[in-house]
Amino acid sequence: EAGVAQSPRYKIIEKRQSVAFWCNPISGHATLYWYQQILGQGPKLLIQFQNNGVVDDSQLPKDRFSAERLKGVDSTLKIQPAKLEDSAVYLCASSLNSGSNTEAFFGQGTRLTVV
Amino acid sequence: KQEVTQIPAALSVPEGENLVLNCSFTDSAIYNLQWFRQDPGKGLTSLLLIQSSQREQTSGRLNASLDKSSGRSTLYIAASQPGDSATYLCAVRLVYQAGTALIFGKGTTLSVSS
């Protein structure tokens, strides 16, 4: 079974530029998450989708971050404009659903460096 | 607000030792708890998932326990090997109005020397 796919693996941009990350979850998984992991910290949830609807985006900095999950499968996360403090690993995860028995599976992540 | 704490932050042991990683959480109203492994520059690999009604789960040399009432979980690694060197993350799944979410600790970075 294929895992969660993310691209690109690495990205270096200058501050104030824009960047987009892509995620393809495990086939059949209704729930998709985007997490931000700053060096030395645990992952922090940015946004959660159930199919193509947003369940929670309370910690997403909406002035610069946006995400969509068209057709309830792939998802993109965009940052515009980027700040130095956005340097982090962006992890995508998926699960069969958001219920109590569900297990989350993570992709390899995209390491973003803003200079 | 749910907070997840992992102790110690870092641990160095010689090969062959048995070791325990600790995870505590402030709100006992969790659905489940999941232990992950993260290698440098890589994503997270799920190790064990313990439902809130369970006390422990085992997979090979790994054993995870859960005491929901006291807000604690431990990950026991038997006969450690250099290949076990990684960061271990604990995450609790909690329910909130919008659905459920995984809340992570900061991790324990383990180094096993040969």
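Convention: sequence-line order gives letters A, B, ...; per-chain numbering from 1. For clarity, every value in this text was computed on a predicted model and none was experimentally measured.
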When the 4.5 angstrom heavy-atom criterion is applied to A:Q37 and chain B, the contacting part is side chain
Matching residue for A:Q48 among A:W34, A:Y33, A:Y35 - test: side chain to side chain contact (heavy atoms under 4.5 Å, CB included)
A:Y33
Could you walk me through whether B:L89 and B:W35 pass side-chain contact (heavy atoms from CB on, under 4.5 Å), step by step?
CA-CA 6 Å; B:L89 292 158; B:W35 282 93; over 6 Å; no
Under 4.5 Å to a heavy atom of chain A? For B:Q6 that would be neither
Enclosure of A:L84 CG (heavy-atom neighbours >12, cutoff 6.0 Å)
yes
With chain B, the option among A:G107, A:S95, A:G40, A:P43 that has the most non-hydrogen atom pairs under 4.5 Å is A:P43
Would you say the ring centers of B:F36 and A:F106 fall short of 6.0 Å from each other?
yes
Tell me, for B:L44 versus chain A, whether the close heavy atoms (under 4.5 Å) come from the side chain, the backbone, both or neither.
both
